[in-house]
Amino acid sequence: MIKTAVSKRIVLHFPKRLVERAIVSRLVKEYNLDFNILKASVTPDEEGLMVLELTGKQADYDRGIRYLAETGVRIQSLSQDVTRNEERCTHCGACITICPTAAFELDFVTRRVNFHDEKCLACELCIKACPPRAMELHF
Amino acid sequence: MAKTIEEINEKIGEGKAVVVTAEELIDIVKQKGIKKAAQEVDVVTTGTFGPMCSSGAYLNIGHSKPRIKLGGGRTYLNDVLAYTGFAAIDILIGANALPDDDPRNRIYPGEFNYGGGHVIEELVAGKDVRLVATAYGTDCYPRKRLETWINIQDLNEAVLFNLRNAYQNYNVAVNPSDKTIYTYMGVLKSNLGNANFCSAGQLSPLLNDPYYKTIGIGTKIFLGGGIGFIAWQGTQHNPNVIRSENGVPRRGAGTLAVIGDLKQMKPRWLLGTSMLGYGCTITVGIGVPIPILSEEILQYTAVSDDEISAPVVDYSEAYPQMRPDILGEVSYAQLKSGEIIVQGKEVPTASLSSYSRAVEIATILKEWILSGRFLLTEPVALLPGVESGITLKPLKERPIEE
Ligand code: SF4
Ligand code: SF4
């Protein structure tokens, strides 16, 4: 399963020298990302803080995040992302009874384990319980 | 039906052999019956892919200039301690070995992210591995310190040699206690929260040859993606356990010691593995061909998951305390349905060994045989069977008094 579109919530911390609007509009123009400002404020030391939902293609998203990082914006992930390294997953099934949201499901025909990442709450329980360590945490 | 392995090999050479996996055979026997199936089928292939702790590899690294004698000193591979009780440059790395500074279970449950199994995986993947050794120095081996990268390609020998693999049947692990436990059978949730098993069941090599009539010392096998051989019975080989009417052991029974050229193997089939709170190990892929020399042998290979039972064992009490009691028996068909009943409670099941990858191994082995590049071998000697009287002995502890 290759994901093309992503939608992620991130927290941006802008140092006071940066103009927030200009940066966010560049994300739209140059990286084809849609955004939704969930929260915006200025802290006492005048650092800008913005909670943003970004939607777009994974490749554009990755480039956009790189651009933000290069401008000096500090980025925090709100919804940490748990993915499966398909090279390492052996489809054993040890994760199935570990996950509290039933994000793993055994296909009774192929005996392979499907990972439904839309059910994942990023509790991280599977990360260390997976014997070949195929589950990975990303930002 | 070919009667001897030699005749089967002739058919393989002529491209006429009929080879099926142990899973495919079940349906063939259902459709055609034992007699007809035994006439048609020449070889049944089996497979298993699971964590197998008693595994390791020995390496001969070549002589340095000036020479060093690693034997009796200390040698590390990527910070993991290797065994050096041999001659100058032979070392052994066990799958469970850990770096000295790994916190183990001091931070409970320990993560065990990197150990001997991972070193073996990286060697097999062709990655450079850091060797750091200290030695005491002799007149003929003066060097006392060696720090170098090594790569599997440059080693004289790199051999996988596993002392106990491919268990014939295994426990189903549960935890009736009131706290989560971390075991070699995975994370076991409290109050019978889950049940973990670890066998390919109907595809598993020794469950298809319950009395070791064809699988023996010298049998050529699929090992870690390359070709290996059965070297001996595995440690703890225990043919004398309770068996079902079909001959299949109802407890962990026979085991295999296997050997093969690590240079031929692939990381897809030899995977460094971490058991939370327990330690490091390696997941090993093994496939064994079974020649159909008689109707009896074919009947054994036709065994299906509903005809194989495994014991449910309490890993919070009975297992650690070496108590023999079990909480019941379940079949692999039940285990693979996703739920079993233990003490009247519905318990979700999970597997530590990968059935889909076991199917893949049995299928690869089948293709190797069909293409003529893999011929069967006659075992040099059979594994000890029921008649050997061998049983599994506990340690006879005798306190040492000063
Ligand atoms: S436990 Fe790990 S290797 Fe096994 S199926 Fe789950 S993600 Fe894959
Ligand atoms: S992180 Fe938690 S919720 Fe997400 S898949 Fe792993 S166990 Fe399930």
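Here the structure is a predicted model, which is why all the values come from computation and not from measurement. Chain identifiers are assigned alphabetically (A, B, ...) following the order of the sequence lines, protein sequences preceding nucleic acid strands; residue numbering begins at 1 within each chain.
Annotation: side chain of V284(B) is in contact with side chain of N162(B) (closest heavy-atom distance under 4.5 Å). At least one side-chain heavy atom of L98(B) sits less than 4.5 Å from a side-chain heavy atom of C280(B). Between I286(B) and I221(B), the closest side-chain pair of non-hydrogen atoms falls below 4.5 Å.
For a residue to count as touching a neighbouring chain, one of its non-hydrogen atoms must lie under 4.5 Å from one of that chain's; by this rule P348(B) touches chain A with backbone and side chain alike.
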Check chain B against chain A and list any donor-acceptor pairs under 3.5 Å.
from	atom 1	to	atom 2	distance (Å)
E111(B)	O	R133(A)	NH1	3.3
E111(B)	O	R133(A)	NH2	2.9
E111(B)	OE2	K128(A)	NZ	3.0
N113(B)	OD1	R133(A)	NH1	2.3
E121(B)	OE1	R88(A)	NH2	3.0
E121(B)	OE2	R88(A)	NH1	2.9
K189(B)	NZ	T97(A)	O	2.5
N194(B)	ND2	T97(A)	OG1	3.3
G272(B)	O	R88(A)	NH2	3.1
S274(B)	N	P131(A)	O	2.7
K336(B)	O	R111(A)	NH1	3.4
K336(B)	O	R111(A)	NH2	3.2
S351(B)	O	A94(A)	N	3.2
S354(B)	OG	T90(A)	O	2.5

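Contact count against chain B (heavy-atom pairs under 4.5 Å) is highest for P131(A) among P131(A), A129(A), A94(A). In terms of heavy-atom pairs under 4.5 angstrom with chain B, the leader among C95(A), G93(A), C130(A) is G93(A).
Closest approach of L33(A) to G64(A), counting heavy atoms only: CD1-CA, 4.3 Å. Across L68(A) and L12(A), no two heavy atoms sit closer than the pair CD1-CD2, 3.9 Å. Considering all non-hydrogen atoms of both residues, G277(B) and P109(B) come closest at CA-CB, 3.7 Å. The nearest pair of heavy atoms linking A362(B) to L203(B) is CB-CD2, 4.0 Å.
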